[in-house]
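Protein chains get the first letters and strands the later ones, always in sequence-line order, with residue 1 at the start of each. As the structure is a computational prediction, the values presented were derived from the model and not from experiment.
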Amino acid sequence: MNEFLLLAFLFLVAGVIAVPVASRLGLGSVLGYLLAGIALSPLLTQLEVDVVSIQHFAEFGVVMMLFLVGLELEPRMLWAMRSRLLGLGGLQVGVTMLLIAAVAMLLGQPASIALAIGMVFALSSTAIVLQTLNEKGLMRSDGGQSSFSVLLFQDIAVIPMLAFLPLLAIPELLDAVPAAGGHGGAKVADSGDGGHGAELNFVAGLTGWQRGLVTIAAIAFVFAVGTFLTRPVFRFIAMARLRELFTACALLLVVGIALLMIVVGLSPALGAFLAGVVLANSEYRHELESDIGPFKGLLLGLFFITVGASINFDLLFAEFGNFVLLTLGLMLLKGLVMLGLSMVFAIRGADRWLFALGLAQAGEFGFVLLSFTVANGVIPEPLSQQLLLIVALSMLLTPLLFIVYDRLIAPRYASAQASEPDKIDEQGSVVIAGHGRFGGIVNRILLAAGFKTVVLDHQSEHLERLRVFGVKVFYGDATRPDLLHAAGIDDARMLVIAIDDKEQATELVRYMTKHHPDVYLVARAVDRHHVYELWGAGARDIIRESFDSAVRAGRSALEALGLHPYEAERQTRGFVDNDRAQMLELAELFDPDIPVHENAPYVERAKEYIARTGDAMRGKHAGLANRADRGWVPPTLQDVEAEKAAQKAQAPGDSAPVRHNT
Amino acid sequence: MARLIVYYAHPGHRHSRANKAMAAEASSVDSISYVDLYAEYPRFDIDIDREQERLLTHDVVLLQFPVFWYSTPSLVKEWQDLVLEHGFAYGHEGDRLAGKRMQLAVTAAGPADAYSADGYQRFPLRTFLTPLEQTARLCGMSFSAPYVLYSSLHAPDGEALDEHVGGYRQLLEAIRDDRYDFDTADGRDTVHANDLPTREEHRP
């Protein structure tokens, strides 16, 4: 336990210090984690920490990340990507693998080892690339989408590679494996946690078509769970109103699917991704996003730290020039293949460079494959150590390539990119917090006018009902910043706060004015005091929930009492103006820290208003009634006479006397 | 019988004397339609379909209002803008009002002599009403001489108002019963309570 706490402490300290510094320097979080890992590595060696097994555990972050990516990707979009996924991804893996194998053979490696190296290096780092693309908001660009297609294909390609690699085994090496101790084997066993291990594999003994059947059944099961089971389960969980239960349930879903995939010999990342896609249309999407998000972030951070920590500096400095040369050569080769493919698939401009530079590294699946090849006697241990170092170095260099992209390439295409109108459509939506009697009407009005809305509500009974009518609403507590973020508050134009709880609404306003001052707020107030609180918290567009209906009731009453309808309208408008003006002044005097009855200036002013309104109502004061009538009181006879006189004075020239007929 | 509809428009109904009395009289005339425009649309949300239907089912459209700044109260303008649509009242296939009549009944604060080239209003009242006149023409409607009360602020004090209100009833009933002599009226600029061109008997 103490050891665990010490380790957690070390990793957290390293991350908490290195990542903000790296971000401040514009290096991105990934490089920050990697550097933190490098800094930690001597300490970890001293403590005899098994970095590799921690790394395998942390790889589960990749599974979670693909789940989250799936959540953002509706099935329709996935289908639209199919040609890129298979064509671009397939060609990238195939061509890169063969070229690297050829180079390896030129460098004197036997064919079997060369092919294995080709497989190891053909894969890129899903963790680094997706994390960076998301961070930079490039995920939806053409380059980002292409990168994602290739990464997803690679992720799937790992499975047949794992099946194929044992066939390349060299008999002498295989004999040597047991002698090398259980080390290599243990690694593979560990990789089952998050990677692509085979020891849990339940289909190993089955024939080909049985395997196929099991595979299809497993995928069908994921779809069935996502489509039919999650909604009732989540609703059941939501009724308990315990947030951690929901988090537990979300974790259970991802872990369960990963486990199922491992059991049937599929990629857990692929399974999680599919589950995400199935749930992309669900009303629980944003809640799932914000629940899984922190786990994903922490695990990926841990993963990057272990990558940094696992760089073998003794080995590196022994042949520094060689390793740097090999790493750069590898990245150049991979980059050139991407460039070639980008021409075939018509990826243009800055997107082409994003694609080529972004995917030029080797990735975490390389670690998995390498330990697997050693265990299966495909690659000798010393060589695998060297290859491991190259993989790690290329990952370390990737953030630098993204910086090159940011500083040198993107600006050159910036003007061309800016004229492309397609990025805007995701932005500018309106987030509506609370979809009850109040928020629901706001939502309907905005939708009818053609605005995009995202509705959050934490009552699943509401959601059920609205789903029937085709309203797009999501489950979740809108006062949680992470959920607001998942709902797109960063790009939103407006937030409509229509939640029932007074304090929470005020709190939300306070949060928004502090962290998102550019988002326009429309806030519902429960009563007069709540208006003051919201005003104090920074809201300026405040609507009292029952004020307008009360005003209408008053107007109805006036009409029924015999007032001309237009007169009643003017009277009530006058009242509203008056009331609003008073309220604004009182809001300025209101102090949330002092109870209203002890707030002397407030009480003073309020009394004054009450007296004045009373006078106005009884006709003693010009205030209220006059406001309503001004303009419609006819001129007096004096006005007519004055007008006559003024006109005469103005035109003395044609002073013909006024003709009086009759 | 001519189907007559009276549109009354006064935003300050409570403060009005001449128009209020006229409106009360008009609303009590049998077998004509009476609409208080400001009462029906206090929030200016005019129901275009209903208004067009009203126009279609009447032969004579009478607008009663006080002259405000040489024009109508704003709701009457709003009503024109919305109800007299192209394709309905004018423009391509916009002949639905053709053959109907527009009649005005207006009050003016200034005395009669103010509304002349020498008077302080500098123009005859008819000049200020030409936008409505041309509106009627464009819609294929004939525009008859307006029924006018000058010095409307003086009127409430004397018998002038009683006379005007009584004349108003006569006018409405005459139009309703086809006893109003539009031909004679067309020869005049304005008509008044003391010189209404009505006939004793109905003449088809």
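Counting heavy-atom neighbours within 6.0 Å of Arg188(B) CZ, excluding the residue itself, gives a total above 12. Annotation for Phe44(B): atom CZ counts as buried by contact number, over 12 foreign heavy atoms lying within 6.0 Å. The environment of CZ in Arg444(A) is sparse: at most 12 heavy-atom neighbours from other residues, nucleotides or ligands sit within 6.0 Å.
Residues Glu569(A) and Arg43(B) form a side-chain contact, since some pair of their non-hydrogen atoms from C-beta on lies under 4.5 Å apart. Taking the side chain as every heavy atom from C-beta outward, His564(A) and Asp36(B) approach each other to under 4.5 Å.
Contact annotation for Ala114(B): neither backbone nor side-chain heavy atoms come within less than 4.5 Å of a heavy atom of chain A. For chain A, no part of Pro66(B) is nearby; none of its heavy atoms comes within less than 4.5 Å.
By the side chain to side chain donor-acceptor pair (under 3.5 Å) test, Thr453(A) pairs with Asn443(A), sequence neighbours left out. Annotation: side-chain contact (heavy atoms from CB on, under 4.5 Å) contacts of Glu25(B) (sequence neighbours excluded): Val165(B), Arg169(B).
Your options are Pro111(B), Gly119(B), Pro42(B), and the one with the most heavy-atom pairs under 4.5 Å with chain A is Pro42(B).
In terms of heavy-atom proximity, Pro565(A) sits nearest to Tyr38(B) at CB-O, 4.5 Å.
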